[in-house]
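One structure below.
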Amino acid sequence: MKQLGIAVLGATGSIGVNTLDVLARHPEAWRVEALSGFSRIDKLYEQCLQHRPRHVVTGSEASAEDLSRRLAEAGLDCTVTYGEEALCRIAALPAVDAVMAAIVGAAGLPSALAAARAGKRLLLANKESLVVAGRLFMNAVREGGATLLPVDSEHNAIFQSLPHDYTGDLDRSGINKIILTASGGPFRTLPADKLSAVTVEEACRHPNWSMGRKISVDSATLMNKGLEVIEAHWLFNAPPARIDVLVHPQSVIHSMVQYRDGSVIAQLGSPDMRTPIANALAWPSRIDAGVADLDFTRLSGLTFEAPDMTRFPCLSLAFAALESGGDASAVLNAANEIAVAAFLERRIRFTDIPVLVEDALSRIDLSASASLAALLDKDAETRRYTSTRIA
Ligand code: NAD
Ligand code: MG
């Protein structure tokens with residue numbers, strides 16, 4: 001088997017660490033060609049010692065110099081650069097066959113786009129890329145000849161539940177609906193009047209998954225599910241009316257496809273991101289992911305309920321943004337990133353997040369940008385606007 005080169009962007013994060021765990025189980029199949037990390041340089045240093053990449057990208061000149069010196073002292077032959085352009089460059093290197101896009105937020109868009117344009121096998125964890133620039137992104141995938149493989153567990157589950165020759169036409173494949181499951185987050189049963197007082201620690205304590213802080217807060221507000229509805233729209237060419245959200249607190253069913261003949265095909269498993277990561281890495285083959293078999297006799301039961309969009313307005317804001325089109329999803333995302341960061345810094349309450357997002361959606365021009373540059377300007381404008389509402 002030919003060894004494939006991979007770049008792991010966002011290697012120091014939750015998805016990055018899980019990806020390197022799976023890769024380390026298959027040294028004959030994969031060579032870690034490049035790694036990136038933003039600020040946890042000690043962690044990145046350790047990862048470099050273990051995986052020996054030829055290229056590393058950090059978030060700043062100072063951290064790149066520091067890491068470069070330490071790696072040289074350790075006898076490693078590798079180039080260390082920093083910043084967005086460097087990320088785009090390592091995503092498009094000839095020796096890189098596959099790119100794991102696992103940077104958090106819209107910051108991950110340029111490098112994921114670069115991988116798409118370069119025709120890579122693109123393992124997409126960074127859902128914000130599709131939320132901000134879905135149409136542009138999917139065009140880049142098509143034009144670049146990239147193979148786009150969803151890593152988000154729900155989308156990977158849908159990918160596995162669709163016909164293998166699915167071409168983006170729900171009707172032609174006899175599909176009625178895509179059903180995205182949601183755990184409901186840590187506040188699923190919390191009364192509305194208690195939500196404004198929840199703490200950062202409570203919001204980041206997800207019942208089933210261990211994830212980065214931003215996506216943990218998104219899961220608590222249900223904005224994560226809203227972003228995933230938008231992500232599913234672009235990945236599977238599904239109109240919003242044919243994407244259902246279903247709360248399933250045990251997170252055993254990771255999502256489903258409902259067919260015209262009454263069949264429902266679902267993907268099940270333990271809530272462990274190494275499963276969708278391994279699936280995307282090896283597709284169409286299957287490899288060991290280090291995940292224990294699901295023991296059905298130990299499951300206490302699978303339950304389902306409708307999401308509560310009154311207590312969790314972020315989900316309905318995301319559906320509305322997708323319906324209205326234009327730049328609405330990009331504005332929703334930018335305002336949400338600023339609001340979540342402010343919540344994590346304890347500058348606003350949990351319940352201020354949807355208020356700030358709705359405010360941005362009502363105040364920023366949502367008409368469609370004609371270029372990526374214009375879209376990024378809109379993103380920046382929204383960030384500035386929402387920041388002024390907080391300060
Ligand atoms: P995380 O916060 O744990 O890690 C984020 C990574 O991005 C880190 O390596 C960090 O150094 C890097 N990074 C942060 N800001 C950056 C910037 N401005 N420029 C360059 N790099 C930067 O996040 P995560 O939980 O691993 O999530 C990563 C992405 O995967 C997100 O888009 C998230 O929505 C998606 N995702 C995560 C999970 C999960 O289980 N964690 C599941 C599904 C999807
Ligand atoms: Mg998900």
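In listed order, ligands and their atoms are each counted from 1. Start at 1 with the first residue, then count along the sequence. Any value given below was found using the heavy atoms of this structure, including those in side chains, with hydrogens, waters and symmetry copies removed.
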Just by distance, do the side chain of [X] and the backbone of [Y] share a donor-acceptor pair under 3.5 Å?
{"X": "His206", "Y": "Trp209", "answer": "yes"}
{"X": "Asp327", "Y": "Ser369", "answer": "yes"}
{"X": "Asn208", "Y": "Pro249", "answer": "yes"}
{"X": "Glu128", "Y": "Ala334", "answer": "no"}

Original post:
Of Ile338, Thr388, Val331, which is the lone residue that meets side-chain contact (heavy atoms from CB on, under 4.5 Å) with Arg383?
Top reply: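 For Arg383, the side-chain contact (heavy atoms from CB on, under 4.5 Å) check succeeds only for Ile338.
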Subject >> Any pair counted as ring-ring contact (aromatic ring centres under 6.0 Å, His included), so long as it reaches residues 332-359, sequence neighbours left out >> reply: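 Listed by first then second residue: Phe187-Phe350, Phe343-Phe350.
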**OP:** Could you name each residue pair satisfying ring-ring contact (aromatic ring centres under 6.0 Å, His included) that touches residues 299-335, not counting sequence neighbours?
**Re:**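 Sorted pair list: His248-Phe304.
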**OP:** Count, excluding waters, the protein N, O or S atoms that are closer to the Mg ion (ligand 2) than 2.8 Å.
**Re:**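 Excluding waters, the total comes to 3.
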**OP:** Might you list the protein residues in contact with ligand 1, defined as having a heavy atom under 4.0 Å from one of its atoms, sorted by chain and number?
**Re:**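 Within 4.0 Å of ligand 1, the protein residues are Gly10, Ala11, Thr12, Gly13, Ser14, Ile15, Gly37, Phe38, Ala102, Ile103, Val104, Ala107, Ala125, Asn126, Lys127, Glu128, Asp152, Met211, Gly212, Ile215, Met273.
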Original post:
Checking side chain to side chain donor-acceptor pair (under 3.5 Å) for the pair Asp261/Ser263: CA distance, chi angles, key distance, verdict?
Top reply: CA-CA 6 Å; Asp261 62 6; Ser263 300; 3.0 Å; yes
Original post:
Can you check side chain to side chain contact (heavy atoms under 4.5 Å, CB included) on Met138 and Leu148, steps first, answer last?
Top reply: CA-CA 9 Å; Met138 295 309 286; Leu148 182 58; 3.8 Å; yes
